[in-house]
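Notes follow the structure.
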Amino acid sequence: VIHHWDTDGISSAAILAEALKDVPVQNFTPPIGEYAVAESEISERGRFKSIIIADLCLPRENILKIKETTKAELTVFDHHVQEDIPDIAHINPAHLGRRRGDWPSTTWVLHKFLSLKLCLPTVLGLIGDMEEKVKETEMFHDVQRYMDEGGLTFEDLLTLTELIDSNYRVSDRSGVEEAVRELLKHWNDPKSLMRKEKWRRNVEELKAEIDAQLNPPWKDENGVLIHRMSSKYNIISKVARKLAWEGVERKLVIVVNDDPTGRKSRIYIRGKHLEPHKLVGFARSHGYSAGGKIGVVGVVLPKGEVEAFISEAVRLVRVK
Ligand SMILES: [Mn+2]
């Protein structure tokens, strides 16, 4: 199972491993931040009859290359919008043109597709991807029931998604892969998972780093705030969220993280009604890797091109 490094991806891998417990299953996440997998790395781990890609939008060429190299059967479980690929089984209701809101997580796709009894990983995937917004979905009845039966609060589960996500936020790739085994070991036992010392230390470290990186200076003009920082951790969305809310909501928050060891920067743009298409299209036309959803756009580009991109981005967003 090749899976995304976030809680939904980790939980989806755990659900698949549990469903397939009669056969040996290995789980694998790409290098954190890279939406591609080197085929050689898969081959090094063994020979596989079947490969499942979960909650991870790999490029078409990458998927075809994996299939060609490994000769395995390939199946994709996802809820992101993706293109059709010949000879690849694609279990993705979003892709069938249904309303995206109906499928808030890959764990929910698996839950429905495999007709499972509601379990902790399914709930964690929903909360990991949706956070507070999950309360507005129809699945929240199920989440509520799960919490009532286990004597859990929403905050408990939100905290647990933070703990699980801490692995990728500190760029601990093997920690991400190990988290799948932890979910399997403590199936439906969130209290034990919440005590995991390593994850708790990660969260503490991340909190301190976020506070440190929140320090000014930043540029705040006409409701647009621009903050540039340099952290080795994946905290850009956390920093953006904190800056978006300071009593009043800012129209647009742009956070830039310059990779402390490389030549790339990551830009994260957050705005309440931000439409991603124009910005993502503009970024891709420059050859940058970019993605987004309503309210959020992320771009990776060379450090030296950050300033030019931001001034154009602000202009594009304003022209509405
Ligand atoms: Mn997801």
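Here, residue 1 is the first one in the sequence, and each next residue gets the next number. Because only heavy atoms are used, hydrogens play no part in the values below, and waters and symmetry mates are left out as well, while side chains stay in. Atoms within a ligand are numbered from 1 in the order they appear, just like the ligands themselves.
For the Mn ion (ligand 1), the set of protein N/O/S atoms nearer than 2.8 Å consists of Asp8 OD2, Asp55 OD1, His79 NE2, Asp129 OD2, ordered by chain and number.
Side-chain contact, Tyr288 with Glu305: a donor N or O sits under 3.5 Å from an acceptor N or O. Side-chain contact check for Asn27 and Thr29: no donor-acceptor pair (N or O, by modelled atom type) lies under 3.5 Å. Using modelled atom types and a 3.5 Å distance limit, the side chains of Asn202 and Tyr168 yield no donor-acceptor pair.
Considering every non-hydrogen atom in both Leu301 and Phe309, the closest pair reads CD1-CB, 3.7 Å.
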Let me see the working for Trp103 and His79 under ring pair (Phe, Tyr, Trp, His ring centres under 6.0 Å), right down to the final yes or no. CA-CA 6 Å; Trp103 302 97; His79 67 128; 9.4 Å; no
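Of the inter-residue distances, the one linking Lys238 atom NZ with Ile210 atom CD1 reads 6.0 Å to the nearest 0.5 angstrom.
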